[in-house]
Amino acid sequence: QVQLVESGGGLVQAGGSLRLDCAASGSIFRINAMGWYRQAPGKQRELVARITNVGSTTYADFVKGRFTISRDSAKNTVDLQMDSLKLEDTAVYYCNAQISQAGEGRFYPGRDYWGQGTQVTVSS
């Protein structure tokens, strides 16, 4: 099956930086998009950033200008560079991938897969 493994989370002071990494492996024919979501205690999971297989990016308003998403297609990885971190950024960050298998249509968006999450804690 498909596996998504995140790394890079941890504790950082407000104003600091962290870089998250996610590596996809397993039964993969084509990754159509990868992204990062986050979920804080008592809140719903929300989109942070997303990047497609052609490089189109989407950012949540609350991270624009602070976070940057990038990908390495050859390695099936996606990174999230987080700068100017705020207390409100504290959450579990989840890697997401839309993955298609052989035989599925060229324009089929793929099925959603999720990583186990990595904790990001921002302190004052």
Side-chain angles (χ1 to χ4, degrees):
Q1 301 297 327
V2 174
Q3 297 180 14
L4 300 178
V5 180
E6 303 108 328
S7 62
L11 176 65
V12 65
Q13 192 173 19
S17 299
L18 282 175
R19 185 178 67 85
L20 305 183
D21 178 80
C22 174
S25 62
S27 181
I28 299 171
F29 179 73
R30 180 176 65 249
I31 298 179
N32 300 303
M34 298 187 76
W36 291 93
Y37 292 71
R38 72 186 188 187
Q39 186 168 20
K43 298 183 179 180
Q44 67 178 1
R45 187 173 300 185
E46 61 186 353
L47 172 69
V48 177
R50 181 177 180 268
I51 185 167
T52 72
N53 59 349
V54 295
S56 298
T57 58
T58 301
Y59 292 95
D61 288 340
F62 54 80
V63 304
K64 287 182 178 178
R66 299 190 297 123
F67 293 5
T68 303
I69 190 168
S70 61
R71 62 179 172 84
D72 187 333
S73 298
K75 297 180 179 180
N76 290 334
T77 60
V78 62
D79 293 335
L80 183 68
Q81 178 65 44
M82 304 185 294
D83 299 318
S84 301
L85 283 162
K86 305 175 181 179
L87 295 177
E88 294 78 17
D89 295 320
T90 296
V92 177
Y93 284 70
Y94 296 91
C95 180
N96 168 263
Q98 292 180 317
I99 297 174
S100 298
Q101 302 300 328
E104 296 177 339
R106 177 181 179 87
F107 300 103
Y108 179 65
R111 299 175 177 85
D112 277 314
Y113 296 89
W114 296 91
Q116 79 288 344
T118 184
Q119 177 70 47
V120 172
T121 302
V122 183
S123 67
S124 61

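Throughout, residue positions are numbered sequentially from 1 according to the sequence presented.
- Identified under the disulfide bond (SG atoms under 2.5 Å apart) test for residues 26-83, with sequence neighbours left out: none.
- Arg71 meets the side chain to side chain contact (heavy atoms under 4.5 Å, CB included) test with Ile51, Ser73; sequence neighbours excluded.
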For residues 2-10, which side-chain N or O atoms pair as donor and acceptor with protein atoms under 3.5 Å away, sequence neighbours left out?
residue: Glu6; atom: OE1; partner: Gln116; partner atom: N; Å: 3.0
residue: Glu6; atom: OE1; partner: Gln116; partner atom: NE2; Å: 2.9
residue: Glu6; atom: OE1; partner: Gly117; partner atom: N; Å: 2.9
residue: Glu6; atom: OE2; partner: Cys95; partner atom: N; Å: 2.7
residue: Glu6; atom: OE2; partner: Gly117; partner atom: N; Å: 3.1

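- Among residues two or more places apart in sequence or in another chain, the side-chain hydrogen bond (donor to acceptor under 3.5 Å, both in side chains) test is passed with Ser27 by Gln101.
- Put simply, the side chain of Lys86 does not reach to within 4.5 Å of the side chain of Phe62, judged on heavy atoms.
- Listed by chain and number, the residues in a salt bridge (Lys or Arg N to Asp or Glu O under 4.0 Å) with Lys43 amount to none (sequence neighbours excluded).
- A single hydrophobic cluster is not seen to contain both Val78 and Val92; linkage of ILVMFWY side chains at heavy-atom distances under 4.5 Å, directly or through other members, places them apart.
- For the atom pair CG of Leu80 and OH of Tyr93, the computed distance is 7.5 Å after rounding to the nearest 0.5 Å.
- Annotation: the span from Met34 atom CE to Arg50 atom CZ amounts to 11.5 Å, rounded to 0.5 Å.
- Residues in residues 17-34 take part in these salt bridge (charged side-chain N to carboxylate O under 4.0 Å, His left out) pairs, two or more places apart or across chains: Arg19-Asp79.
- Put simply, Phe67 and Ile69 are part of the same group of oily side chains (I, L, V, M, F, W, Y) that touch within less than 4.5 Å, one to the next.
- Nearest approach of Gly110 to Ser100, heavy atoms of both residues: CA-OG, 3.5 Å.
- Following chains of ILVMFWY side-chain contacts shorter than 4.5 Å, one cannot reach Phe107 starting from Ile28, and the two form parts of different hydrophobic clusters.
- By the 4.5 Å heavy-atom criterion applied to side chains, Asn53 and Ile31 are not counted as neighbours.
- By the side-chain hydrogen bond (donor to acceptor under 3.5 Å, both in side chains) test, Asp72 pairs with no residue at all, sequence neighbours left out.
- By the side chain to side chain contact (heavy atoms under 4.5 Å, CB included) test, Ser123 is found to be paired with Leu11, Gln13, residues two or more places apart in sequence or in another chain being considered.
- Each of Val120, Asp89, Thr68 was evaluated against Met82; a single residue qualifies, Val120, per the side chain to side chain contact (heavy atoms under 4.5 Å, CB included) test.
- Of the inter-residue distances, the one linking Arg38 atom CZ with Thr118 atom OG1 reads 14.0 Å to the nearest 0.5 angstrom.
- The same ILVMFWY cluster, assembled from side-chain heavy atoms under 4.5 Å apart, contains both Val48 and Leu18.
- Every residue two or more places apart in sequence or in another chain was checked for a salt bridge (Lys or Arg N to Asp or Glu O under 4.0 Å) with Arg45, and none qualifies.
- There is a path of hydrophobic side-chain contacts, each under 4.5 Å, that joins Leu85 to Leu20.
- The ring-ring contact (aromatic ring centres under 6.0 Å, His included) search around Tyr37 returns Trp114, not counting sequence neighbours.
- Residues that satisfy the side-chain hydrogen bond (donor to acceptor under 3.5 Å, both in side chains) test with Ser17, not counting sequence neighbours, are Asp83.
- Grouping Ile, Leu, Val, Met, Phe, Trp and Tyr residues whose side-chain heavy atoms lie under 4.5 Å apart, directly or via other members, leaves Tyr108 alone, with no other cluster members.
- Asn32 CG to Arg106 CZ: the interatomic distance, rounded to the nearest 0.5 Å, is 10.5 Å.
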